[in-house]
S.K.: 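Quick one: the structure is below, questions incoming.
Below, all heavy atoms of this structure are taken into account, side chains as well, without hydrogens, waters or symmetry copies.
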2 protein chains.
Amino acid sequence: MELLLSSTSLFQGIQESEISALLNCLAAQKRNYRKGDVIFAEGSVTESLGIVLSGMALISFCDAWGNHSILGNVAPGEVFAEVYACIPGEPLRISVDAAEDTTVLFLNVSRVLSTCTNACPFHTRLVRNLLTVCARKSFQLSQRIAHTSSKSIRGRLMSYFSECAKASGSHRFQIPYNRQQLADYLGVDRSAMSSELSKMQRDGLICYQRNEFLLKSPGEFASL
Amino acid sequence: MELLLSSTSLFQGIQESEISALLNCLAAQKRNYRKGDVIFAEGSVTESLGIVLSGMALISFCDAWGNHSILGNVAPGEVFAEVYACIPGEPLRISVDAAEDTTVLFLNVSRVLSTCTNACPFHTRLVRNLLTVCARKSFQLSQRIAHTSSKSIRGRLMSYFSECAKASGSHRFQIPYNRQQLADYLGVDRSAMSSELSKMQRDGLICYQRNEFLLKSPGEFASL
DNA sequence: CTCCCTGTGTTGTTCAAACAACAGACAATT
DNA sequence: AATTGTCTGTTGTTTGAACAACACAGGGAG
């Protein structure tokens, strides 16, 4: 378990041997779930975040009419419900279920935050990591919002490609999504996006082959 | 200054008198800006978050072609750049400028996180508050994404109204936005939304007058 | 009172995106 | 080689949202 944890962002920079001490210090709880079990129910309140150790969890939500949508999944090593665990008293707007037999480690956030009586030296690092996890999630969400703010498919693609180019420091970059995933990320129809991509190539805005893109002519454009 | 700070979410639960001690302990820096001054430049890296004490700051961003958009404003007592300050080394994707003459208090996040040599008793509370601020921002962003995930105006309104009804615990509730602001929040055209609202009223889904809404018939609907 | 301003609802037109259906490329499997 | 499935690009149709323009109702301020 410690080996897996040491590679997660929450325990980054903490040695495997030190993690064992931390887990004792935090009285972390491990629980097993069968496929289909509810891990967190919508509307409930939690002070604990979860880390998937094995298996897979699904995050979903229901609207007032009973329609429910899948928001995402949580793979081993990834964290869930950290946002709610960090907001005291905020009832979950989502529910988390086990997509298969799943083992989860729970960490009580207030325990994480309270000063450790043993003056555990890695506690500080854990708190910093937790803040980073939350901040990074905020960052990713705001990027997604920025990329879906344009009303046109072309505008959304341009916004996303701009970001990719900035992140890679070059006009040539690769993207981590296939076409369907990119369309889902940008909130557009795949085939419409595919067609728009080829239009953009014809218009000389971009070149691409598969997941390799080249952003051309960084001049001024008004019609995003 | 302490009076203003004590009413902010970052210093919530900390007395005015205690804030003074904290600010010393953190070596907080106060700086003045003239209207139009750049507070944070896009692409720069910061370890500090900012709190607007007076005036107003503007958050904006540029895409690779030089088009820039306003993302929001920061009023006195509100925090900015906290997400970037919490992600070590992450260059800002936004820039922050003074919309008018503005005073800003800077707090170094790593200093906030490092154990205070004086064992300052309110330090722990500050860290917890900072985590709450980040988590709450994440929460708000994911709500907005949920409400803009539907492709139709009606679906977006339904998602938002669902959330409002849940939050208020009743099918009758008030919304904090006027029509233009709601349209901006949901990423749709105001007049189209206005027209959709009256259609929904005609269809018996909702009743409304001004900002007072009543959500009807919580049955099953497929056409969101 | 009139004038102006803001917020809101209505209508009709236009256009772009969703949608459906299909074709070709490629890889993996049998 | 044949088959299957996945990913991608193309085309044509339909629909719904953006857009523009306007009407109407308060609410101040002069």
Side-chain angles (χ1 to χ4, degrees), chain A residues 67 69 73 144-161 164 173-216 221-224, chain B residues 67 69-70 73 144-161 164 173-214 216 221-224:
Chain A
N67 308 297
S69 316
N73 51 16
R144 189 187 189 281
I145 287 178
H147 297 144
T148 53
S149 64
S150 169
K151 299 237 165 77
S152 70
I153 294 182
R154 178 171 295 203
R156 295 186 184 199
L157 285 167
M158 282 306 203
S159 170
Y160 177 67
F161 290 155
C164 289
F173 51 86
Q174 296 194 335
I175 65 172
Y177 301 128
N178 65 28
R179 294 292 185 272
Q180 184 61 62
Q181 291 169 327
L182 180 59
D184 287 343
Y185 179 75
L186 296 179
V188 298
D189 179 73
R190 181 200 61 80
S191 70
M193 184 189 76
S194 198
S195 140
E196 188 65 36
L197 277 172
S198 49
K199 261 189 219 152
M200 289 163 69
Q201 188 159 46
R202 249 176 287 152
D203 292 353
L205 288 174
I206 57 172
C207 277
Y208 66 94
Q209 270 185 348
R210 289 270 180 182
N211 292 358
E212 176 103 14
F213 286 79
L214 174 66
L215 205 45
K216 295 160 86 172
F221 292 90
S223 57
L224 286 189
Chain B
N67 310 297
S69 317
I70 302 287
N73 51 16
R144 189 184 188 280
I145 288 178
H147 298 145
T148 53
S149 64
S150 169
K151 299 232 165 82
S152 70
I153 293 182
R154 177 171 295 203
R156 294 186 185 198
L157 285 167
M158 282 306 203
S159 170
Y160 177 66
F161 290 155
C164 288
F173 52 87
Q174 296 194 336
I175 64 172
Y177 301 127
N178 65 27
R179 294 292 185 273
Q180 183 61 61
Q181 290 169 328
L182 180 58
D184 287 344
Y185 178 74
L186 296 179
V188 299
D189 178 72
R190 182 200 60 80
S191 70
M193 185 190 75
S194 199
S195 142
E196 188 63 36
L197 277 172
S198 48
K199 261 188 219 156
M200 287 163 70
Q201 188 158 45
R202 248 175 289 152
D203 293 352
L205 288 174
I206 57 172
C207 275
Y208 65 95
Q209 271 186 346
R210 290 270 181 181
N211 291 357
E212 175 104 14
F213 287 79
L214 175 66
K216 296 160 85 173
F221 293 89
S223 56
L224 287 189

S.K.: Could you give the CD-to-P distance, from A:Gln209 to D:dG9, as a whole number of Å?
M.R.: 10 Å
S.K.: Please produce a list of atom pairs where a protein N or O lies less than 3.5 Å from an N or O of nucleotides 20-26 of chain D.
M.R.:
from: D:dA20; atom 1: N6; to: B:Ser191; atom 2: OG; distance (Å): 3.4

S.K.: Can you pull out every ring pair (Phe, Tyr, Trp, His ring centres under 6.0 Å) where at least one residue sits in residues 194-213 of chain A? Sequence neighbours excluded, please.
M.R.: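 For residues 194-213 of chain A, and leaving out neighbouring residues, the ring pair (Phe, Tyr, Trp, His ring centres under 6.0 Å) pairs sorted by first residue read A:Phe161-A:Phe213, A:Tyr208-A:Phe213.
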S.K.: Once salt bridge (Lys or Arg N to Asp or Glu O under 4.0 Å) is applied, what residue pairs with a partner in residues 203-213 of chain A remain, sequence neighbours excluded?
M.R.: A:Arg154-A:Asp203, A:Arg172-A:Glu212
S.K.: Could you give all pairs that pass the salt bridge (Lys or Arg N to Asp or Glu O under 4.0 Å) test and reach residues 177-186 of chain A, with sequence neighbours left out?
M.R.: none
S.K.: With sugar-phosphate meaning primed atoms plus P, OP1 and OP2, does A:Tyr177 contact a base, only sugar-phosphate, or nothing at under 4.0 Å between heavy atoms?
M.R.: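 If one applies the 4.0 Å heavy-atom cut-off, A:Tyr177 turns out to touch nothing in the nucleic acid.
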S.K.: Could you tell me which residues satisfy side-chain hydrogen bond (donor to acceptor under 3.5 Å, both in side chains) with A:Tyr185, sequence neighbours excluded, listed by chain and number?
M.R.: A:His147
S.K.: Could you work out how much the helix from C:dC1-D:dG30 to C:dT30-D:dA1 bends, comparing the axis of its first five pairs with that of its last five, to 10°?
M.R.: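 Roughly 30°, once rounded to the nearest ten degrees.
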S.K.: Which nucleotide in the set D:dT8, D:dA18, D:dG9 lies at the smallest distance from any side-chain heavy atom of B:Ile153?
M.R.: D:dA18
S.K.: Nearest whole angstrom, please: distance from the P of D:dT15 to the CD of B:Glu196.
M.R.: 16 Å
S.K.: Could you tell me which residues satisfy side-chain hydrogen bond (donor to acceptor under 3.5 Å, both in side chains) with B:Ser194, sequence neighbours excluded, listed by chain and number?
M.R.: none
S.K.: Taking side-chain contact (heavy atoms from CB on, under 4.5 Å) as the definition, give me every residue that meets it alongside B:Ser191, ordered by chain and number, with sequence neighbours left out.
M.R.: B:Asp189
S.K.: Of all the nucleotides listed (D:dT10, D:dA17, D:dA18), which has the minimum atom distance to the side chain of B:Val188?
M.R.: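 Nearest listed nucleotide: D:dA18.
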S.K.: Which part of the nucleic acid does B:Ser198 contact within heavy-atom distance under 4.0 Å: base, sugar-phosphate only, or nothing?
M.R.: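 Sugar-phosphate only.
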S.K.: I need the CG-P distance between A:Leu197 and D:dG9, as an integer number of Å.
M.R.: 7 Å
S.K.: When you measure from every atom of DNA chain C, which of residues 178-185 of chain B have a heavy atom less than 4.0 Å away?
M.R.: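 The answer is B:Asn178, B:Arg179.
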